[in-house]
Every structure is written in structure tokens, then in C-alpha cells.
Amino acid sequence: MGRGRGRDYTGRTMPSPSSAIRPKRGKKGSETPIVTPVSARKRVAPSRQVVRGDRGVKVTRAVTIRRSADELYAFWRQIENLPRIVKHPLTIERVSDIASHWAASAPVGDRRVEWDAVIINDEPGKLIAWRSREGAEIPNAGTVRFAPAPGDEGTEVTVTLEYNPPAGKLGAWFAKLSGQEPAQQVTEALRRFKALMEAGEIPTTEGQPSGRPQNTKAKRS
Amino acid sequence: MKAVCWMGKKKMEVQRVPDPRILNPRDCVLRVTATAICGSDLHLYNGYIPTLEKGDILGHEFMGEVVEVGPEVKKLKVGDRVVVPFTISCGGCIHCSRTLWSCCDNTNPNAALLEALAGQSGAAIYGYSALYGGYAGGQAEYVRVPFADTGPIKIESDLPDDKLLFLSDIFPTGYMAAENCDIVPGRSVVAVWGCGPVGQFAIRSALLLGAAKVIAIDNVPERLRMAEAGGAVAINHDEVDDVQDELRAHTGGRGPDAAIDAVGMEAHGSVYDQVKQTLKLENDRAYALRQAMRAVRKGGVLSIPGVYSGFVDKVPMGAVFAKAVTIKQGQTHMHRYLRPLLKLVEDGKIDPSFVITHRVPLGHAPQAYAMFCDKKDGCIKVVLDPAM
Ligand SMILES: NC(=O)c1ccc[n+]([C@@H]2O[C@H](COP(=O)([O-])OP(=O)(O)OC[C@H]3O[C@@H](n4cnc5c(N)ncnc54)[C@H](O)[C@@H]3O)[C@@H](O)[C@H]2O)c1
Ligand SMILES: [Zn+2]
Ligand SMILES: [Zn+2]
């Protein structure tokens with residue numbers, strides 16, 4: 001689809017990672033509404049605006065990984081890989097080469113949020129951009145880009161995520177899901193991605209023994 | 001299995017807990033044959049490290065026999081005898097590849113916590129609070145060892161555990177502290193604050209690296225005697241008017257070329273710091289650090305193996321600046337030192353068991369912690385034996 005490098009799907013120049021460590025909340029009318037790139041509009045015709053300018057949240061996070069851009073891109077392009085690096089329960093079903101169905105569930109109010117997503121920009125080894133199709137309860141869009149880091153450092157992976165936080169009960173659930181701090185969720189996903197790529201596994205202590213206080217009554221040696 | 005659990009400030013318990021198992025493909029499980037209590041464990045014991053939880057199994061100095069290996073472990077097999085470095089490193093990140101093993105990017109599942117405190121997280125450490133990964137420690141009958149192909153060093157010789165165990169921490173830590181001093185053989189004078197186990201290995205390592213003179217500072221007589229036995233000149237800071245004057249006298253007025261702070265955040269000597277630390281107005285008591293900063297020679301090196309956890313008051317930055325002092329510090333890059341130091345032991349250049357004063361069953365860990373903390377009964381280093 002070949003859109004210009006250095007720009008995300010909104011057509012805006014990407015902020016440098018250091019200038020974008022905090023999620024930005026668009027002030028009323030101050031943010032340019034996100035407009036679907038022309039090429040994507042033709043192909044999949046999602047809604048005109050994924051994220052309305054007044055309530056949209058935008059998060060950018062970056063990590064450097066000691067693997068080639070091609071390898072890292074390949075992981076993300078296989079979109080059903082993503083639940084491995086996202087900590088909360090998420091399933092992604094591939095529908096076609098560019099379309100997928102996402103479902104996130106949480107223990108709260110036994111709600112499930114589902115949406116269809118579509119890849120709207122794809123530059124092998126460089127960038128993938130996706131967005132939810134029209135009708136999504138939580139309209140969202142994201143970009144991941146891969147760029148060589150200086151020297152032998154590896155590849156800089158930068159993720160930008162935008163979504164409209166929903167109102168009401170669903171909103172509360174969503175806030176819980178994303179731990180109030182969606183930026184932290186993205187950070188964690190990137191951290192897990194890095195560990196998986198560099199170390200071959202995601203570090204964990206879940207399932208290890210401990211002498212938690214409830215054990216104190218158990219027989220002593 | 002039996003395991004040594006922290007149950008609150010100055011409260012250790014030996015509990016029965018479930019055996020550890022393989023959780024990730026690169027894990028192995030060891031049957032622990034020897035484990036020790038470290039000065040770093042005292043910071044936990046005394047409640048100075050946040051995010052430690054009641055029930056956490058402590059212990060980061062241990063060795064043993066492999067009893068189970070995960071599917072991705074290629075270099076170890078059941079029955080191998082290994083010593084495990086206390087920092088957990090992945091072997092695949094850029095820091096590991098540059099041998100900055102304690103700066104590993106990928107082993108701390110709670111990296112976000114340490115990031116909040118320090119800006120970035122380094123390697124996880126066994127049995128050292130959630131901040132450092134929350135991994136169960138090795139003061140137990142069995143322990144899970146993640147990234148088993150990267151950390152543990154396989155022992156082929158039949159040297160006894162006593163001579164090998166301290167490759168897990170204090171020997172490499174003392175050695176790196178000395179190496180950081182940029183010792184010029186036959187010329188450098190090194191002063192070491194703290195004659196605990198880390199200080200003892202720093203002293204001997206500095207001499208192995210060719211230091212012309214090593215001066216050891218502490219106030220515990222048996223520790224000073226051990227330092228002297230290792231070749232140092234000892235200063236009992238309680239028995240001299242002024243440590244600075246004493247150091248000048250021992251260095252022809254130049255001051256030591258390098259200063260090692262092997263004391264860390266619980267230095268004694270300042271009521272001001274004790275009060276502030278107790279009131280949580282300051283995390284660390286840095287009395288020894290300040291002294292070292294003032295004493296070190298112009299253009300010299302300050303090497304800090306002693307652990308600091310947070311904020312320190314009244315650091316004489318002016319002195320460090322005025323004298324163009326270089327500061328080197330951090331958790332030990334353990335994996336760098338395992339092989340070369342094992343060779344020194346095998347070649348008989350050093351016998352690390354010199355530091356052991358007590359051997360007790362694992363079940364006596366609570367008493368052993370108290371004894372080591374209070375420096376009772378001449379205690380300098382305790383080895384816990386899970387089989388006793
Ligand atoms: N950097 C690392 O990777 C690493 C590894 C192991 C241990 N450590 C740290 O090294 C430090 C020492 O460990 P250890 O096992 O030897 O502990 P330790 O508690 O046995 O020894 C500390 C010694 O310092 C002495 N001391 C206290 N205040 C002093 C002062 N003002 N001047 C001179 N001496 C003073 C004490 O009397 C004691 O002998 C601890 O902070 C420990 O956490 C760091
Ligand atoms: Zn230690
Ligand atoms: Zn690493």
C-alpha cells in the first residue's frame with residue numbers, strides 16, 4: 001500500500017518516542033480528527049472517523065529489540081500471534097489476509113467486547129497499521145513500525161494505539177482491563193514481545209512455591 | 001519441601017511449601033546442596049527493601065544438583081552439579097551480549113516496578129522481593145532456576161561445596177569491586193570499607209590483582225583479624241580519632257587510589273542517618289560512602305559493591321567533583337566471573353571457604369539470620385545445609 005515512511009496511518013508525522021511517553025487526550029476540537037487514508041478507504045471502507053477527536057486517547061510506546069526488522073515484522077503480521085504478548089485475555093481470529101476478528105474478555109460483568117479489524121497499511125519489514133471496522137463498540141486503531149536502531153542495538157519497535165474510551169459500564173470495565181493506564185498495557189506488551197524474541201520466553205514466577213501466610217498453619221518441619 | 005521464608009521484619013520461618021517445578025522451557029530445578037546467607041539478605045531481613053512479601057522464599061547464594069530440565073535446556077542434564085549466579089540473565093539481550101549481565105533486559109517479570117523506582121529495570125535476582133522479579137530463592141531444599149543454559153556453571157571437578165558456593169555471589173562481587181578499582185600492579189593502594197564477606201573477597205581480590213597495599217576499615221575485631229590474615233592493614237574506626245587522618249598516614253598523605261564501599265545502605269556511625277532511615281525520611285544510611293568519597297585520592301576510583309536502594313542524604317558531590325573521582329557500582333555482572341574465578345579456585349590461588357564461620361542445618365536459618373545480623377558468636381558467614 002506504500003504510504004510514506006515516517007508517517008502513521010493518520011498521515012501525521014510520528015512523534016519521536018521521547019516526546020510521546022504520555023498518553024495524549026485530545027482536547028475538544030484541538031485534535032485533527034483521524035481520517036482514513038485514501039488507499040485504505042477504497043479497500044475496506046471503514047467509518048470515516050475511527051476515533052473521534054474529542055475523546056480519543058493516543059498512546060505511543062517504543063522498545064528496542066535485538067532482532068532484524070523482518071523477523072519482528074513477521075511476528076506482528078501473523079496477527080494471531082498478538083495474544084501471546086498481551087497480558088489480558090484476548091483472542092484474534094484471522095478472517096482473511098488483512099481482516100481479523102478480535103475478542104477480549106474479562107471477569108467483570110461477564111462482558112465480551114468483539115470487533116473486526118482490518119490492516120490498512122502494510123509495508124513489509126517497516127510498518128503495519130490496522131483499525132477497527134465500522135460498528136466497533138470501542139473504535140480503535142494502531143500502528144507498529146520497525147526501524148533500525150543505531151549501531152548493533154537492533155530494531156526500534158514503536159507502537160501507537162488510539163481508541164475511544166467508551167462511556168458507562170463498559171467504560172468502567174475497559175478502564176479496569178487496561179489498568180487505568182493503557183500506556184502501561186502497551187509497555188507491557190512490548191516488553192513481553194522483546195523477551196519472547198530475545199530470550200525465547202516470557203519471564204514468569206506464576207506457579208512457584210511460597211510460604212504465604214495461609215501456609216503458616218501447615219505442618220512445620 | 002522445606003524453605004526459608006521471610007514473614008516480616010526480623011522474622012524468618014522455615015516452612016513446608018510445595019516443591020518448585022518447571023514453569024518455562026528454559027528452566028531447570030535443582031536439589032540444593034549448599035546455600036548461604038548474604039549481607040544483602042540482611043537488608044531484606046531488616047525490612048529495608050520494599051515489595052518483599054510475607055512468605056517469600058529468600059536466598060540467592062546456592063548450588064546443587066540438577067534434578068529436572070525444561071525442554072529448551074541444552075547444556076545441562078539431570079545429575080549435573082552446578083553453582084548458580086545470583087543475577088538472572090537471559091543471554092539474548094544487548095546487555096547480556098555486552099557482558100553487562102546484571103543489566104539484563106528480559107528476566108524481571110515485574111520490570112515495571114523497578115522502572116518506576118529507577119527509570120529502568122535490570123536483571124532479576126533470586127529471593128529478592130517483587131521489585132527484583134519476585135523469584136523464589138534458594139534457601140530451600142529445591143529451587144527453580146530460569147534461563148538455565150545461561151547462568152549456572154557446571155562443576156566437573158570434585159572440589160567440595162565450601163570452596164565453590166561463593167562463586168554464586170560474594171567472590172565475584174568482591175572481585176568485580178576490586179577490578180573496578182583499575183589497580184596498577186605494584187602501585188595502587190586500595191581502601192576497603194566493610195569487612196563483611198564482600199569486603200573480605202574485595203581485599204583478597206585487590207591483592208590478587210596486584211594492589212601494593214590494601215587498607216581495611218570496620219569495627220568488628222574478628223572481621224578485622226580476618227582482613228589482616230588476608231593481607232590487609234586493618235583500621236578499627238572505633239579506635240581511631242579520625243579515619244581520614246589514619247588513611248592519610250597509611251598512604252603518605254596521598255589518600256587511597258581507590259576506595260571500595262563494601263558496607264552499603266546500613267552503615268553504622270551516624271545517628272542522623274539512623275533516625276532518618278527509621279523515620280523513612282531516607283532509604284539508605286550512607287556513612288561509609290561519604291567517608292570513602294572524602295578519602296579517595298584525586299583522579300581515583302570509588303567502587304561501590306555495597307547495596308543502596310533509594311535516596312541518600314548529604315552526599316558530598318562537591319568532593320567527588322573537585323577530585324575528579326570516577327564512581328563504578330552496581331550489581332555484579334556475575335556471568336563474566338564464573339569461569340575465571342572457578343579457575344583460580346581450581347588452581348589453588350584462593351580458597352573461598354576461608355570466610356565460613358558457621359555451618360548449620362537449613363532448619364536453623366531463623367537463628368542463623370539473627371546471629372549473622374547481630375554479629376554474634378564471631379559470625380562472618382553462615383552456610384545452610386539442606387541435608388543436615
Ligand atoms: N553489588 C552486588 O552485587 C552485591 C552482592 C552481594 C552483596 N552486596 C552488598 O555488599 C554489602 C556487604 O555485604 P556483606 O555480605 O559483606 O555484608 P555484612 O553486613 O556482613 O558486612 C558489612 C560490614 O560493614 C561494616 N560496617 C558497617 N558500617 C561501617 C562503617 N561506617 N565503616 C566501616 N565498616 C562498616 C559492618 O561492621 C560489617 O562488617 C551489602 O550492602 C550487600 O548488600 C552487593
Ligand atoms: Zn548476596
Ligand atoms: Zn539479557
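Every value quoted in this text rests on a predicted model; they were computed, and no experiment measured them.
Ring geometry for A:Trp76 versus A:Trp130: interplanar angle of 30 to 60°, hence tilted. Taking the six-membered ring for Trp and thresholds of 30 and 60 degrees, A:Phe146 and A:Tyr73 have ring planes more than 60 degrees apart, a perpendicular arrangement.
Contacts of B:Ala136 with chain A are made by both backbone and side-chain atoms, with heavy-atom separations under 4.5 Å. In this structure, chain B has a heavy atom under 4.5 Å from the backbone of A:Ile202, while its side chain stays farther away. Residue contact with chain A, scored on non-hydrogen atoms closer than 4.5 Å, involves the backbone and the side chain of B:Glu53 alike. Residue B:Ile57 touches chain A through its side chain alone, counting heavy-atom pairs closer than 4.5 Å.
A pairwise comparison of heavy atoms in B:Met334 and B:Pro85 identifies CB-CB, 3.6 Å as the closest pair. The heavy-atom pair separating B:Val360 from B:Ala368 by the smallest distance is CG2-CB, 4.1 Å. Shown here for B:Ser121 and B:Asn108, the closest heavy-atom pair between the two residues is OG-ND2, 3.2 Å. Of all heavy-atom pairs between B:Tyr135 and B:Ile125, the closest is CB-O, 4.4 Å.
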**Message:** A:Arg131 vs A:Asp116, test: salt bridge (charged side-chain N to carboxylate O under 4.0 Å, His left out). Steps then yes/no.
**Reply:** CA-CA 8 Å; A:Arg131 67 194 302 157; A:Asp116 291 311; over 6 Å; no
Going through the checks in order, is the salt bridge (charged side-chain N to carboxylate O under 4.0 Å, His left out) test met by B:Asp27 and B:Arg21? CA-CA 9 Å; B:Asp27 291 355; B:Arg21 52 194 175 86; over 6 Å; no
Checking salt bridge (charged side-chain N to carboxylate O under 4.0 Å, His left out) for the pair A:Arg191/B:Glu115: CA distance, chi angles, key distance, verdict?
-> CA-CA 12 Å; A:Arg191 200 196 308 287; B:Glu115 262 175 21; 2.7 Å; yes
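Checked against a 6.0 Å centroid threshold, the rings of B:Tyr126 and B:Phe62 count as neighbours.
By a heavy-atom distance cut of under 4.5 Å, not one residue of residues 33-47 of chain B is near chain A. Contacts of residues 144-153 of chain B with chain A at a heavy-atom distance below 4.5 Å involve B:Arg144, B:Phe147, listed in sequence order.
When each of A:Glu188, A:Lys194, A:Arg67, A:Arg192 is scored by its heavy-atom pairs under 4.5 Å with chain B, the top score falls to A:Lys194. Of the listed residues (B:Ala111, B:Gly137, B:Gly55), the one with the most heavy-atom contacts under 4.5 Å to chain A is B:Gly55. Taking chain A as the reference chain and counting heavy-atom pairs below 4.5 Å, the highest number among B:Ile94, B:Asn24, B:Asp105 is found for B:Asn24.
Using modelled atom types, one finds no donor on one side chain facing an acceptor on the other under 3.5 Å when comparing A:Arg145 with A:Thr158. Checking B:His333 against B:Thr99 by side-chain atom types alone, no donor-acceptor pair falls below 3.5 Å.
Within 6.0 Å of atom NZ in B:Lys54, 12 or fewer heavy atoms from other residues, nucleotides or ligands are found, so the atom counts as exposed in its surroundings.
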